Protein chains: 2
Amino acid sequence: MPRSGDIARANLENLYRIFTVPEAPDSTLGQIDQAISDNLAGFLQEHIVALEHELEEIEQDFACSRVPEEPTFVSDYTEFLKEKLVAQSVHTASPGFVGHMTSAIPYFMLPLSRIMIALNQNLVKVETSKAFTPLERQVLAMLHRLVYAENDAFYQRWIHDSRYALGAFCSGGTVANITALWAARNRLCGPTDTFKGIAQEGLLKSLKHLDCQGLAVLVSRRGHYSLGKAADLLGIGRENLVAVETDRHNRIDLQRLREHCRRLRGEGILPLGLIGIAGTTETGNVDPLEALADFAAEQHCHFHVDAAWGGPTLFSETHRGLLKGIERADSVTLDAHKQLYAPMGAGMVVFRDPAALSSIEHHAAYIIREGSKDLGSHTLEGSRPGMAMLVHAGLSIIGRKGYELLMDLGIRRARHFAAMIAAHPDFELITEPELNILTYRYNPGWLQAALGRATAEQTDRINARLDQVTRIVQKRQREAGKTFVSRTRIRQAGYGEEPITVFRVVLANPLTGDEILEEVLKEQCAIITEGHIPDLLDELRDLIDS
Amino acid sequence: MPRSGDIARANLENLYRIFTVPEAPDSTLGQIDQAISDNLAGFLQEHIVALEHELEEIEQDFACSRVPEEPTFVSDYTEFLKEKLVAQSVHTASPGFVGHMTSAIPYFMLPLSRIMIALNQNLVKVETSKAFTPLERQVLAMLHRLVYAENDAFYQRWIHDSRYALGAFCSGGTVANITALWAARNRLCGPTDTFKGIAQEGLLKSLKHLDCQGLAVLVSRRGHYSLGKAADLLGIGRENLVAVETDRHNRIDLQRLREHCRRLRGEGILPLGLIGIAGTTETGNVDPLEALADFAAEQHCHFHVDAAWGGPTLFSETHRGLLKGIERADSVTLDAHKQLYAPMGAGMVVFRDPAALSSIEHHAAYIIREGSKDLGSHTLEGSRPGMAMLVHAGLSIIGRKGYELLMDLGIRRARHFAAMIAAHPDFELITEPELNILTYRYNPGWLQAALGRATAEQTDRINARLDQVTRIVQKRQREAGKTFVSRTRIRQAGYGEEPITVFRVVLANPLTGDEILEEVLKEQCAIITEGHIPDLLDELRDLIDS
């Protein structure tokens, strides 16, 4: 029988092994690693099962709440992972997966990610990130330049001056939007001779100091839901996030915007920020940024543009004009894990004024000391990985022209798909693609004709049934696992007062060919003939006839 | 001359290639990938240059603010990366790098990270993460159980009930702390019959509704700097983040805490949250959590424990008693990229009450719909990567006993190093290790003796000089690149009124042997004899003699 000292030593040896001995190439994990390196698409195709299991069933494999007492062999764990996690994950890189904003990523991102993770840098401070610090500042400068197009002298002056920041890198667009509004709020409520500023004294005293009853943020009702979180978090309140009506192109209604501002000021509420959207999440439309910039200037309020989706359209010489006016924004959100094709977890907010982030600057005694070059003094997050490296790689390897091709391709595809839908007797295009996003629904020709003659009440009843059809089709298509579109509910001019449910298509994967788009519609037509959808359609016929 | 149509087609072909064709094994990137797989430690050792370059010099390589117009070959980019980024990054995995909380990670994390990145799931919603959703909920349940040790029935009931959440996964401890205080604030200012709650109506109306002049958060002055950000962000104000005095063991002074609370209430300010620290960032001490839980109950305020560092100590049967009382916390922050040995970018906050996060719940029409299983309805962040998988892997493969070994090892090493410092005539241990963190400084024997007899004024003057010595030594040691300790400034009982500068050592890398700790001191002793440090010490001699 071994003595306990021996056991302890043996355990310790095993522990050292996991930190020092790599997986053998012929181990289960080594083989998967190799398979992904050799042929990512093949690996995903082979290992992710197409047919969707019920989530309740999958939950059974992740039901134990106890950390296992004893260590598990890496090979056993890898087998588990392969069968229970990988097989049941979502094939986001599939060319038929056109429902969300998560796309295929270029091959080089995989080995580069390994380098990033192997280095395990922490970008909160220079001492744990060294060259990653200037690299991240460079990435922010590149995106700043893409948006604001200042001259060389400007960037030479600011790019590496750590007392200033051209932006903040973060985990995603939500934190980017929060950071923008946080900086805007703190600037509006900044220190004066008699007031130490909101960062020090808090919101209540700020509002007293400004002699107002509250702060408001205005955005069209297509604004991203992260703005609601920001309004909550920052103490502004969701009621003061004003969802301005949109026109039939899903762009903010400037007249209504003006009315809202007047009303707010009448109530003693100060407009803190006005947000323009460059690529609405649901329909991919772009607000009239030029007009919004004018209005924000008139109102003396912060102008933020949420370009998490549409920002990279600026790479396209053909389409960048759609975003005209973005260069007048005080801040702009961009998501690198969307149309810069970086892996999940890379967002950014850039600020026109390199001093803007000083309103949220903070320091500590052990890191981000005053005068240091530590990036952490201007970010909402603390410890952060070196994701900027992957964005840097994308910008460098793909280049401006490569991104231009990607942007142009997506928009062309979306227009093509829109034409296919419009030409199909049984589908109805709900929102035209301005960028590479569109919405539509199944709506057979005879019903479309009937809707043209229907009363408001009939319209609402018919739409409610069609909503049901859309929901069922979307769910079944997802479960079948061949192609995937998402769905949302939008209030749309010409479709009654109630929001209607629509299919939503995002065309960002360059591998999504036209034949796949045909497949999407064909599959939906097939689903329509199954289950109780024919009954639903019969009911609709009765409804019209009555 | 090729026609422009041909060029466009050729460019498009190249674009497809980066999405479909893997790097060849003999390409530059393929070779690096293989080298990291085969021998991570060797790769880092070989490719990261030891001698530190000036940051200003490194910045030259990251000075271009223009996105390159043309694509770059992956091989060329990789060469650049190897020479300019990898070589100039920080060897965080080095056993001699004992200054920060970023450590070596187990080997299996690298191939598993590739799987995670290849799958590119987005955990905001089930439609883009499927099995990752129950996996993340399981990880949260495991950590919840580690802290709260509820029974099987409890976890069966809550683990996968998406209307509730045992916690929130996030990018790091900062977002975890913010989330905890956000939930606490929104609960305190929750909806009533006459008030829609702070999330809706904002902070100003909340305070009016509660009839108070402000909210306060109390934490010892060893509290993490993220709490200041939280106080700013949430509109509470940094002035209302009360830094309570500490005792000589760096633990919160309960008497002073009581006095602060009394004062605040006298001013009409409501204590919103009380924070206990389980592993202070600078000194690794643990607050008296049991007593804090009592006091929080008495004050009816949210009790949060920041266990970002110390949480995994709960795995150790020998040392878990140090955290007694943590199971009474309303919420607890844990960082998986610290002592769970996951790569950078994995934090968590767990809540005792599965309904606690409903105070920050939010929905949208296209995702995180009401009633859905989408994780995004309870997180501050939106789109998030599948990092939970790596935490799951660590917990499964290393197991409870493996983490216990790691925790015990770190604490044993820290005690050993403390003994070495105490035994050395020219070093002075400033804070004893309670967990695996300690602080010390160079302070030659003759000066230590003199300090014992010095007046308060003399003490401050001597300490100011010693601070200079510590700063210089730390910087030179870092620049030499062999071993690394960090430094901080702490106010410490028995060292005058002013904060003193100290070396800070974090012993979390299991590969840091005793011989490396000897090396750390030896190197410091050598640095002391160089440059103008001998002059500084001479001045100190004069100061004492006068």
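Letters go in sequence order (proteins before strands), and every chain restarts at 1. Everything numeric here is computed off the predicted structure, so don't read it as measured data.
Both the backbone and the side chain of B/A199 come within less than 4.5 Å of a heavy atom in chain A. Heavy atoms closer than 4.5 Å to chain A are found in both the backbone and the side chain of B/I105. If you measure heavy-atom distances from B/L110 to chain A, the contacts under 4.5 Å come from both the backbone and the side chain. Proximity to chain B is absent for every atom of A/A87, based on heavy atoms less than 4.5 angstrom apart. Contact annotation for B/R185: only side-chain heavy atoms (C-beta onward) come within less than 4.5 Å of a heavy atom of chain A. Proximity to chain B involves both the backbone and the side chain of A/L12, based on heavy atoms less than 4.5 angstrom apart. At a 4.5 Å heavy-atom cutoff, the contact between A/I32 and chain B is made by side-chain atoms alone. Both the backbone and the side chain of A/V74 come within contact range of chain B, each with at least one heavy atom under 4.5 Å from a heavy atom of that chain. B/A104 touches chain A through backbone and side chain together, each having a heavy atom under 4.5 Å away. Only the backbone of B/S129 comes within less than 4.5 Å of a heavy atom in chain A; its side chain stays farther off. Using a 4.5 Å cut-off between heavy atoms, A/K84 contacts chain B through its backbone alone, with no side-chain atom that close. Only the side chain of B/I48 comes within less than 4.5 Å of a heavy atom in chain A; its backbone stays farther off. With a 4.5 Å cut-off on non-hydrogen atoms, B/F132 touches chain A through its backbone and its side chain both. Residue contact with chain B, scored on non-hydrogen atoms closer than 4.5 Å, involves the side chain of A/K373 exclusively. The part of B/D152 that comes within reach of chain A is its side chain, from C-beta onward, which places non-hydrogen atoms under 4.5 angstrom from that chain. For A/L15, the part sitting under 4.5 Å from any heavy atom of chain B is the side chain, from C-beta outward, and nothing else. When heavy atoms are compared at a cutoff of 4.5 Å, B/V67 approaches chain A by way of both its backbone and its side chain. Interface residue B/L135: backbone and side-chain heavy atoms are both found under 4.5 Å from chain A. For A/F484, the part lying near chain B is the side chain, with the backbone staying farther off; criterion is any non-hydrogen pair under 4.5 Å. Interface remark: A/F315 contributes side-chain atoms only to the contact with chain B (heavy atom separation under 4.5 Å). A/V21 touches chain B through its backbone: at least one of N, CA, C or O sits under 4.5 Å from a heavy atom, while the side chain does not. With a 4.5 Å cut-off on non-hydrogen atoms, B/D38 touches chain A through its backbone but not through its side chain. At a 4.5 Å heavy-atom cutoff, the contact between A/F80 and chain B is made by side-chain atoms alone. Looking at A/E70, the atoms closer than 4.5 Å to chain B (heavy atoms on both sides) sit in the backbone and in the side chain alike. B/R384 touches chain A through its backbone: at least one of N, CA, C or O sits under 4.5 Å from a heavy atom, while the side chain does not. Residue A/M389 touches chain B through both its backbone and its side chain, counting heavy-atom pairs closer than 4.5 Å.
If you tally non-hydrogen atom pairs under 4.5 Å between each of A/K401, A/Q88, A/E59 and chain B, the highest count goes to A/E59. Listed options A/L119, A/I159, A/I490 were ranked by heavy-atom pairs under 4.5 angstrom with chain B; first place goes to A/L119. Highest contact tally toward chain A, considering only B/L204, B/T133, B/V90, is held by B/V90 [criterion: heavy-atom pairs under 4.5 Å]. The candidate from B/T102, B/L215, B/L85, B/L395 with the greatest count of non-hydrogen atom pairs under 4.5 Å with chain A is B/L85. Of the residues considered (A/E23, A/R489, A/K205), A/E23 shows the highest number of contacts with chain B, using heavy-atom pairs under 4.5 Å. For chain B, the option among A/T78, A/I236, A/L143, A/D33 with the highest count of heavy-atom pairs below 4.5 Å is A/D33. In terms of heavy-atom pairs under 4.5 Å with chain B, the best-connected choice from A/L146, A/N186, A/D61 is A/N186. When each of A/P25, A/C64, A/G402 is scored by its heavy-atom pairs under 4.5 Å with chain B, the top score falls to A/C64. Considering only heavy-atom pairs separated by less than 4.5 Å from chain A, the leading option among B/Q121, B/E201, B/E381, B/M101 is B/Q121.
Ring pair B/Y225/A/H363: centre-to-centre distance not below 6.0 Å. Note: B/F108 and A/F19 fail the aromatic proximity criterion, with ring centroids not under 6.0 Å apart. Ring centroid separation for the pair B/F62 and A/H160 does not come in under the 6.0 Å cut-off.
In this structure, a donor-acceptor pair under 3.5 Å is present between the side chains of B/S226 and B/H224.
Shortest non-hydrogen contact noted between A/L203 and A/G235 is CD2-O, 3.3 Å. Between B/R114 and A/I36, the shortest heavy-atom distance links the atoms CD-CG2, 3.7 Å.
With sequence neighbours left out, the side-chain hydrogen bond (donor to acceptor under 3.5 Å, both in side chains) criterion links A/Q138 to A/H392.
Counting only distance, with no hydrogens or angles, the side chain of B/N122 and the backbone of B/T128 share no donor-acceptor pair below 3.5 Å. Between the side chain of A/Y16 and the backbone N or O of B/L511 there is no donor-acceptor pair closer than 3.5 Å. In this structure a side-chain-to-backbone donor-acceptor pair under 3.5 Å is missing from A/N240 to B/G202. Listed for the A/S486 side chain is a donor-acceptor partner under 3.5 Å among the backbone atoms of A/G99. Using modelled atom types, one side-chain atom of B/R504 and one backbone atom of B/T281 make a donor-acceptor pair closer than 3.5 Å. No donor-acceptor pair under 3.5 Å is formed between the side chain of B/Y155 and the backbone N or O of B/M142. A distance-only check finds no donor-acceptor pair linking the side chain of A/Y77 to the backbone of B/S396 [under 3.5 Å].
Two residues are said to be in side-chain contact when any heavy atoms from C-beta on lie closer than 4.5 Å; B/L81 and A/L112 meet this criterion. Contact annotation: the side chain of A/I178 approaches that of B/L380 to within less than 4.5 Å [non-hydrogen atoms, C-beta and beyond]. Counting heavy atoms from C-beta on, the side chains of A/K229 and A/D232 never come closer than 4.5 Å. A heavy-atom distance below 4.5 Å is not found between the side chains of A/Q213 and A/L207.
If you run side chain to side chain contact (heavy atoms under 4.5 Å, CB included) between A/S171 and each of B/S383, B/C170, B/S171, only B/S171 comes through.
For A/F73, the CZ atom counts as loosely surrounded, since its 6.0 Å shell holds 12 or fewer non-hydrogen atoms of other residues, nucleotides or ligands.
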